[in-house]
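Input: a single structure, listed below in structure tokens.
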Amino acid sequence: MTKQKLTLLSVCAFLLSTFVSCGNILTQPTDSTSNSGTVNSGDFTDKVINALVYNCDDHEDSDDYSWNTSSVIPITLNGSSINVTGSGATVSGTKVTVTSTGNYSISGTLSDGQIIVNTEDEGTVRLILNGANITSSTSAPIHIISAKKVVLVLADTTQNYVTDASSYSSSTEEDAPNATIFSMSDLTIFGNGILTVDANYNDGIASKDGLIIKSGTININSVDDGIRGKDYLIVKNGNITVKSGGDGLKSDNEDDSSKGYISIEAGTLNITSGGDAIAAETDVLISNGTISLTSGGGSGYAVGTISTKGIKAIVNTIIDDGTITINSADDALHSNGCLVINGGTFSISSGDDGVHADSILGINGGDILIKKSYEGIESAAIIITDGTIHVTSSDDGINAAGGN
């Protein structure tokens, strides 16, 4: 399955080099004969909105979410022991290692141990959490060392709990786990159950490849980042609550310009973060959803030494729809490149800028209420074609001077 992704950086660079010198604000003409300087604002906006569109591959397949129930292998956790009924997994003390592709149902309580996946098979491993309570005092309670793909299934109506200690015995090793649920492979979370993660060491859920949240109720309390997908983090639906000392949702691949992005398609997200609530190394793409973000303590707190933005993209931020509430110490909506709002309902309180883009900021619809800000809307070039905008600011309401 592919995900369409807008990339505006090349368009922004072209427009800035040919048009923007000291900053410009363009609004859509109400009369067809109106112009803004020598550039028709409609044409200018169209070039930004109709930017290059291409597909980003992810690891999702429709077969991920269906399997033969008769093939499921039960793994029963009995406090200080583990029982496996069938083949494909081996037990050593309080650790069970899945070594073959297959479907494994995990139930019961493990007082101090691990679920490990380590297979070279070219298939999908499904770990079905079926009322599992897993604690580890030495490492990640769920540790995916190697697999083609792992689907973590939250069985219907079940409550599942995973927690770790404040230090890991293997923390200095290369590729050592640094999250309560840690994967070196592509990871998908799916189902109608509940997953609660208390991360006392570092991150809550982390994948060193791609991470997809298809559905489920997920509650994260983490010392550092809440949910992190290095290559990408895609939220297709679900009910997600994160309380994190670091960033809330994060994608941080710095080496590949087609990765390091976050896509939110639907769902309900409530994020309270010490750092950025949503942070992507490349793009943040939001199609819909009900999103509530509080970062850095909120707009009443001073910006400290770490980034405390609501939504931050190093390249571009594109929002098509959704209901988004942000209370941030730093910028509420931020992009180092271009930021485009095509629709949605926004309620923003910021200790700095309400909406900020370093290059170009386009607003083509939506209901935007900026209740508190230093500067309401700021960018080197601002294009407004539609929408309802209310701004309360202690400095500029709209600033197209590049921050000066």
Side-chain angles (χ1 to χ4, degrees), residues 77-82 92-97 106 108-118 127 129 131-145 150 152 154 159-185 187 189 194-209 211 213 217-230 233 240-252 270-279 294-297 301 304-308 329:
L77 311 177
N78 301 302
S80 59
S81 65
I82 303 171
S92 176
T94 58
K95 295 181 180 180
V96 58
T97 301
I106 303 168
T109 298
L110 190 61
S111 55
D112 188 4
Q114 285 183 284
I115 310 298
I116 299 169
V117 176
N118 192 3
L127 300 180
L129 298 185
N133 186 317
I134 307 168
T135 299
S136 174
S137 65
T138 58
S139 189
I142 297 178
H143 185 187
I144 299 161
I145 297 173
V150 173
L152 193 64
L154 310 180
Q159 296 193 35
N160 305 279
Y161 179 74
V162 183
T163 189
D164 58 8
S166 59
S167 63
Y168 284 7
S169 60
S170 60
S171 59
T172 60
E173 297 177 8
E174 186 178 1
D175 293 328
N178 62 355
T180 310
I181 297 175
F182 180 81
S183 177
M184 292 293 296
S185 306
L187 176 65
I189 301 175
I194 299 172
L195 172 63
T196 299
V197 177
D198 279 337
N200 299 299
Y201 173 61
N202 201 50
D203 297 346
I205 301 172
S207 170
K208 298 281 283 193
D209 280 343
L211 174 55
I213 298 176
T217 298
I218 301 171
N219 304 308
I220 308 284
N221 292 280
S222 61
V223 171
D224 196 16
D225 302 331
I227 303 174
R228 179 166 55 89
K230 182 176 181 179
L233 171 55
I240 301 169
T241 301
V242 174
K243 294 181 180 179
S244 63
D247 298 332
L249 305 185
K250 187 172 186 175
S251 184
D252 57 355
N270 291 280
I271 300 173
T272 301
S273 62
D276 299 320
I278 297 175
T294 301
S295 60
Y301 284 74
T305 57
I306 64 171
S307 181
T308 53

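Note: Ile189 CD1 to Ile213 CD1 = 5.0 Å, rounded to the nearest 0.5 Å. Atom CD1 of Ile116 sits about 5.5 Å away from atom CD1 of Ile145, to the nearest 0.5 Å. In this structure, the separation between CD1 on Ile220 and CD1 on Ile227 is 4.5 Å, given to the nearest 0.5 Å. The distance from atom CG of Leu77 to atom CD1 of Ile106, rounded to the nearest 0.5 Å, is 7.0 Å. A distance of 5.0 Å separates CD1 in Ile240 from CD1 in Ile218, rounded to the nearest 0.5 Å. Taking CG of Leu110 as the reference point, atom CG of Asn133 lies at 9.0 Å (rounded to 0.5 Å).
Ala277 and Ser295 get closest at one heavy-atom pair: N-CB, 4.0 Å. Across all non-hydrogen atoms, the minimal contact from Thr217 to Leu154 is O-CD1, 4.2 Å. Minimum heavy-atom separation, Asp225 to Lys250: OD2-CD, 3.4 Å. Contact detail for Ser244 and Asp247: the closest heavy-atom pair is OG-O, 3.1 Å. Between Leu127 and Val117, the closest heavy-atom pair is CD1-CG2, 3.8 Å. Of all heavy-atom pairs spanning Ser273 and Gly248, the tightest one is CB-N, 3.8 Å.
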(request) Evaluate the criterion side-chain contact (heavy atoms from CB on, under 4.5 Å) for residue pair Leu187 and Ile205; output intermediate values, then yes/no. (result) CA-CA 10 Å; Leu187 176 65; Ile205 301 172; 4.2 Å; yes

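The side chain to side chain donor-acceptor pair (under 3.5 Å) check on Asn160 picks up Thr158, with sequence neighbours excluded.
With Ser92 contributing its side chain and Lys95 its backbone, the two residues share no donor-acceptor pair below 3.5 Å. Judged by distance alone, the side chain of Ser251 and the main-chain N or O of Lys230 form a donor-acceptor pair under 3.5 Å. Between the side chain of Thr163 and the main chain of Val197, no donor-acceptor pair closer than 3.5 Å is present. Looking at Ser111, its side chain does come within 3.5 Å of a backbone N or O of Gly79 through a donor-acceptor pair. Side chain of Ser136 to main chain of Gln114: no donor-acceptor pair is present (N/O by atom type, distance under 3.5 Å, no hydrogens or angles).
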For a quick test of your reading: what N or O donor-acceptor pairs under 3.5 Å do the side chains of residues 175-182 make, sequence neighbours left out?
unit_1 : atom_1 : unit_2 : atom_2 : d
Asn178 : OD1    : Arg228 : NH2    : 3.2
Thr180 : OG1    : Asp164 : OD2    : 3.0

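Inter-residue side-chain proximity for Asn202 and Val223 is flagged as unmet; no heavy-atom pair is nearer than 4.5 Å.
Residue-environment remark: OH (Tyr301) stays at or below the threshold of 12 foreign heavy atoms within 6.0 Å.
Asp112 and Thr94 form no side-chain donor-acceptor contact under 3.5 Å, judged by distance and modelled atom types alone. Inspection of the Asp276 and Ser307 side chains reveals an N or O donor paired with an N or O acceptor under 3.5 Å.
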